[in-house]
Amino acid sequence: CGFQLRGLVTPLSQSAPLSFTTLRVAKAGSLDAALQTALRRDGRIRFEDVQGNTDAVLNIVAEEDRKDVLGVSLAGDVNEYMLIYSVSATIQRLQDEVPLPLTVTLRRTMSYSDSVTLGKEREEALLRADMRKEAAEQLVRRLGYLPAASKAKADAGKQP
Amino acid sequence: EKADSSKPIELAADRGSLDQKQGINILEGNVVATQGTLSMRADKTIVTRDAQGNQTLQAFGNQAQFRQKLDGKNEYIEGQANRVDYTSVTNQVVLTGKARVKRGADLVTGEQITYNTVTEIYQVMGGSPAASGGTKGRVTVIIQPKPQDKP
Amino acid sequence: ETIKAGALQVEADTISGQMDSQLRATGSVKATRDNQQFEADWLEYYVDKQLIRAGDRARMRQPEGTVDADALEAYLATDSGSARNADFAFGQGKRVLRGHAEGLAMQGKGSYQLQTTRANTCAPGDDSWYLKAGTIDLDYGRNVGVAKHARLEFEGVPILYTPWMDFPLDGGRKSGLLFPTITTGSDGLELALPYYWNIAPNYDATITPRYIEQRGLMLGLEGRYLQPDYSGKIYTEQLPNDKKTDSNRSLWALEHTQTLNQQTTFGLNGRYVSDEDYYDDFGNSSTAATSSSLLREAWVNYNPGWANFNLSASRYQTLAGGSEQYARVPKLAISSNKTLWGITANLESEITRFEHRNLQDGWRTVAYPSVTWGVDKPWGFFQAKFGLHHTRYQLDAYNGNAANTLDRTLPITTLDSGLTFERDTQLQGQNFTQTLEPRIYFVHIPRVDQSNLPNFDTSENDLSFAQLFSENRFSGYDRINAAKQVTTALTSRLLDNSNGLERLRVGIGQRFYLNDDDITLSGAESKRTENSSDILSTVGGDLTQALRLDATYQYNQSLGKTERFSTQLRYSPAAGKTLSLRYRFGRNELLDNDGNYGPLRTIDIAGQWPIARNWYAVARQNYSLQDKKVLQRLAGVEYNQGCWIVRVVNERYLTDINQYKNAVFLQLELKDLSSIGNNPMETLRLAIPGYSNINNIADTE
């Protein structure tokens with residue numbers, strides 16, 4: 001049905017070449033480990049973490065963790081949270097005049113009860129780590145879809 | 001300079017005709033009148049002398065020229081117009097018809113400019129609508145910034 | 001003629017003057033100098049003073065705006081001067097400050113002072129409200145306006161006086177005047193008058209006197225500070241004498257983070273209230289719901305690069321409806337990993353002192369070293385992990401038992417692998433890349449009885465994709481589930497080829513148990529009754545540009561019933577237009593703070609929609625189908641007159657079983673002058689997914 005393993009038959013660097021070869025991640029914040037795994041998994045990008053002259057710099061500009069009340073119990077106490085993680089990054093390539101913005105917003109729901117506050121603290125950490133893993137995957141995947149070389153173009157699709 | 005008006009006016013031209021009785025001297029073709037640092041160039045200039053011997057010049061040209069050095073500065077005042085009348089005894093210059101007077105970097109333009117070469121006082125008129133193509137004639141003065149206040 | 005910068009060009013019907021000294025122009029005079037223009041009946045210019053005098057009625061146009069005035073005097077060199085009886089319109093684009101001033105002073109480039117003035121930000125001729133002030137200083141360099149002895153009149157009615165107030169000229173900063181919020185509710189009339197004071201670029205304060213009819217005058221104070229290496233927020237509410245309870249009511253909240261050096265950061269954060277009903281009495285719908293236990297913690301994080309050390313101490317204050325939590329005083333977490341020849345050694349460890357007023361106290365030490373080896377490729381990955389999870393409890397004497405030490409050591413083995421298949425596909429004329437991502441995750445943990453171990457910080461996680469692919473279904477360290485299981489999942493994503501954004505994602509996963517050893521939350525050994533977990537499936541994405549669907553369905557195979565189902569459909573075609581429907585079903589859910597489980601069915605409908613030209617309705621109903629009860633309700637209207645916005649919103653929410661709090665808040669927002677206190681906006685943003693502030697929506701036809 002047309003599915004092939006990604007980058008197995010023809011390496012990704014030929015089938016879907018990137019618009020840069022070396023990348024440095026500046027100020028990775030809490031995405032550091034997740035980004036390294038995602039970049040390693042993608043394989044197209046030689047990952048430099050030294051101050052060498054790379055032809056692209058990914059900069060994690062801001063991260064925000066929010067926790068909104070989603071459901072309440074009959075006593076008016078929260079029994080479901082919406083966990084929101086949003087990260088805004090920029091990728092500055094040599095050929096771009098101004099860095100291109102990349103934003104990712106992810107959501108997870110989590111049930112809650114004050115009777116298990118400490119346990120839910122840990123579960124929230126598990127869900128937030130999972131969101132960082134996915135955010136890193138999305139950021140790295142979108143590095144492959146950057147416009148060839150352009151003036152600053154607003155990031156076409158902001159996540160809702 | 002102030003001293004100019006006490007000096008004699010020398011005239012040169014391609015050709016000239018003299019009407020002794022009325023004291024009118026008409027010169028035509030590359031007319032150059034000089035009096036000290038003041039000089040006037042025109043295609044045609046009429047020089048008249050009144051009873052007391054005071055001379056007035058009427059210069060016509062496709063833009064008659066007027067030039068005089070400022071007192072105590074090596075800057076010049078230059079004017080041009082279709083017609084320039086200069087009355088030496090009153091140091092009065094009247095430029096009429098697309099008149100322009102440039103003094104250092106400052107510039108005055110209008111239909112008619114009257115200018116006193118000693119007091120440097122001037123009036124600029126826009127002239128009647130007919131004279132300047134239907135709209136009320138406009139005048140402009142441009143005062144360039146002084147060196148000390150270069151932005 | 002080349003006009004040099006700084007040259008003055010005067011055009012008029014007639015001009016007379018003296019060279020290099022002065023001139024007087026009359027007859028519809030126009031004078032321009034760089035980007036300054038003057039128009040007047042007559043105009044004089046004095047060369048040495050570079051002074052322009054113009055009258056009788058002169059117009060001055062500067063980059064910052066236009067002034068029509070009498071007796072205009074302008075010193076061009078110093079951009080200073082004055083005028084009388086001035087009508088002004090400052091600002092560009094939509095942000096315009098318009099009005100009249102008895103006196104106007106120009107005080108240097110881009111700064112003006114309006115004296116005895118009346119100003120607003122409305123369209124010409126719209127005097128629905130205006131700010132009367134003794135003086136308004138406008139500084140277009142710092143983009144701030146400061147009004148002194150300011151009085152606000154709305155439709156001719158004076159509604160506010162303030163001796164001093166600043167406001168943004170470019171909307172970049174918060175305004176001094178956060179508009180008053182008037183609420184009528186169970187405590188009678190409440191009037192909150194927030195007041196923002198931008199002390200310095202990195203310090204600001206919001207002072208909120210709040211009059212509550214049946215309780216008295218409360219003062220709220222929030223101070224925020226932002227420095228290169230530390231920043232934070234201090235917030236307090238003080239009600240010295242609550243007439244209703246005849247006691248002192250107060251709230252303290254602090255957030256502080258600081259970078260001590262390259263490797264070390266430090267932080268404090270916490271909330272503390274004077275009594276357990278504080279939030280029910282003074283909070284709003286969201287703080288009332290989330291304040292059963294208030295965390296107070298301090299932490300230091302040190303990361304020299306090869307490891308991360310986090311030392312913290314945390315305690316909870318228990319409020320009405322909350323249960324007492326263990327304090328962790330202190331907790332030291334150490335984590336590190338090192339990769340050598342493709343093999344990564346990891347260490348996860350934690351030493352914690354747990355204390356509780358009436359439960360078992362003790363120390364718990366966890367050391368969980370592990371080694372992982374893996375392969376990462378664009379087409380797939382493989383990771384093997386072997387670890388040894390060691391936990392030691394040093395328990396104090398309790399309930400007649402002497403102090404004792406208990407240990408638990410468990411080998412944990414996991415094998416994780418996944419493949420990524422892709423193909424190009426077309427949908428509605430757009431190119432997409434569709435992925436197919438199978439994943440298999442094996443976990444082996446032998447079973448050991450843990451019923452003698454205390455439960456300090458452990459609970460059972462919801463079944464989620466994150467939980468499906470983690471070793472332990474319990475969070476916290478006190479219970480480690482027995483496992484000989486294989487989790488399989490299949491995810492398919494639709495990626496937009498123009499920007500790589502995930503347009504749609506579908507996923508399904510299930511865990512298969514290879515033996516029936518299990519551990520319950522109590523720690524006791526048990527036998528599983530079924531050989532596979534619930535089936536978890538999820539779908540999420542933008543069906544169209546405006547329509548977003550998110551749904552999760554969990555099927556309980558052993559009971560042959562739906563275990564959990566939640567879906568949200570949100571339609572947001574434009575700003576000011578959004579509808580959201582959320583349905584949540586749970587067969588046996590954690591219902592409340594007392595840890596009761598039971599069926600749960602709720603439906604949450606919310607929307608913001610224009611109902612007439614410039615009129616918007618906002619509504620929300622969170623209704624429990626199971627208990628036939630309204631949990632939260634909100635209804636209101638917003639009107640945008642173009643220059644001011646008024647909101648009237650009624651909110652009804654539960655503060656305890658069958659105890660509702662009802663509040664109507666009225667809120668007036670003046671365009672570009674006052675930004676809104678965050679209370680009403682935050683409530684609307686939380687209640688209505690996709691809610692947008694209508695003050696920046698163009699006038700709707």
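Within every chain, numbering begins at 1; the chains are lettered A, B, ... in the order of the sequence lines, protein sequences first and strands thereafter. These values consider heavy atoms only, across backbone and side chains, with no hydrogens, waters or symmetry-generated copies.
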Pairing of C:D604 and C:R582 as salt bridge, 4.0 angstrom limit: no
Given the options A:S73, A:S113, A:S111, which has more heavy-atom pairs under 4.5 Å with chain C than any of the others? A:S113
Select one option (side chain, backbone, both, neither) describing which atoms of C:N497 are under 4.5 Å from chain A's heavy atoms. both
Select, from A:V69, A:D68, A:L127, the one with the greatest count of heavy-atom pairs under 4.5 Å involving chain C. A:D68
What residue, out of C:S470, C:G690, C:A466, has the most heavy-atom pairs lying under 4.5 Å from chain A? C:A466
Engaged part of C:T435 at the chain A interface, taking heavy atoms whose separation is under 4.5 Å: both
C:K377, part contacting chain A, at a heavy-atom distance under 4.5 Å: backbone
Pi-cation contact, C:F474 with C:R479 (under 6.0 Å, within 45°): no
Salt bridge A:E80-A:K67, side-chain N to carboxylate O under 4.0 Å: no
Portion of A:R128 that has a non-hydrogen atom of chain C nearer than 4.5 angstrom: neither
Between A:R122 and C:D457, does any NZ, NE, NH1 or NH2 come within less than 4.0 Å of an OD or OE carboxylate oxygen? yes
Considering only heavy atoms and a distance below 4.5 Å, find which of A:T109, A:D77, A:L146 pairs most often with chain C. A:D77
Contact class of A:E124 relative to chain C, heavy atoms under 4.5 angstrom: neither
Counting heavy-atom pairs under 4.5 Å with chain A, the top scorer among C:E589, C:Q434, C:E460 is C:Q434
Check whether C:Y279 gets within reach of chain A through its side chain, its backbone, both or neither, counting any heavy atom under 4.5 Å. neither
Max heavy-atom pair count under 4.5 Å with chain A, selected residue of C:L419, C:T458, C:L495, C:D496: C:L495
Is it true that the NZ or CZ of C:K661 lies under 6.0 Å from the centre of C:Y653's six-membered ring and within 45 degrees of the ring axis? no
Electrostatic pair A:D114:A:K120 at N-O distance under 4.0 angstrom: no
Using side-chain heavy atoms (C-beta onward) and a distance below 4.5 Å, is C:Q568 in contact with C:R548? no
Among C:T425, C:D592, C:N461, C:L631, single out the residue with the greatest number of heavy-atom pairs under 4.5 Å to chain A. C:N461
Sort C:R505 into side chain, backbone, both or neither according to what part of it lies under 4.5 angstrom from a heavy atom of chain A. side chain
Can you tell which part of A:L12 gets under 4.5 Å to a heavy atom of chain C, answering side chain, backbone, both or neither? side chain
Checking side-chain polar atoms at under 3.5 Å, does C:S293 have a donor or acceptor matched by the opposite partner on C:Q317? no
Below 4.0 angstrom, N of the basic side chain to O of the carboxylate: do A:D32 and A:K27 qualify? no
Considering residues at least two apart in sequence or located in another chain, which fulfil the side chain to side chain contact (heavy atoms under 4.5 Å, CB included) criterion with C:N308? C:N301, C:N303, C:N310, C:S335
State which residues pass side chain to side chain contact (heavy atoms under 4.5 Å, CB included) with A:V140; sequence neighbours excluded, sorted by chain then number. A:L35, A:A38, A:L39, A:D42
Heavy-atom distances under 4.5 Å only: say whether C:T420 touches chain A with side chain, backbone, both or neither. both
Closer than 4.0 angstrom, basic N to acidic O: yes or no for C:R328 and A:E121? yes
Is it the backbone or the side chain of C:D424 that comes under 4.5 Å from a heavy atom of chain A, or both, or neither? neither
Are any of the side-chain nitrogens in C:E422 or A:R141 under 4.0 Å away from the carboxylate oxygens of its partner? yes
Counting heavy-atom pairs under 4.5 Å with chain A, the top scorer among C:S323, C:A687, C:P378 is C:P378
Whatever's closer than 4.5 Å to a heavy atom in chain A on C:L590 counts as both
So which of A:L70, A:L143, A:D130 has the biggest tally of heavy-atom pairs under 4.5 Å with chain C? A:L70
Tell me, out of C:T552, C:V375, C:T602, C:N593, who's got the most heavy-atom pairs with chain A below 4.5 Å. C:N593
Counting only heavy atoms closer than 4.5 Å, note whether C:Y326 contacts chain A via side chain, backbone, both or neither. both
Cut-off 4.5 Å, heavy atoms of chain A, and the answer for C:D627 is side chain
Measure from NZ or CZ of A:R132 to the centre of the six-membered ring of A:Y85 and say whether it is under 6.0 Å with the direction within 45° of the ring axis. yes
For C:N622, which atoms come within 4.5 Å of any heavy atom of chain A: side chain, backbone, both, or neither? side chain
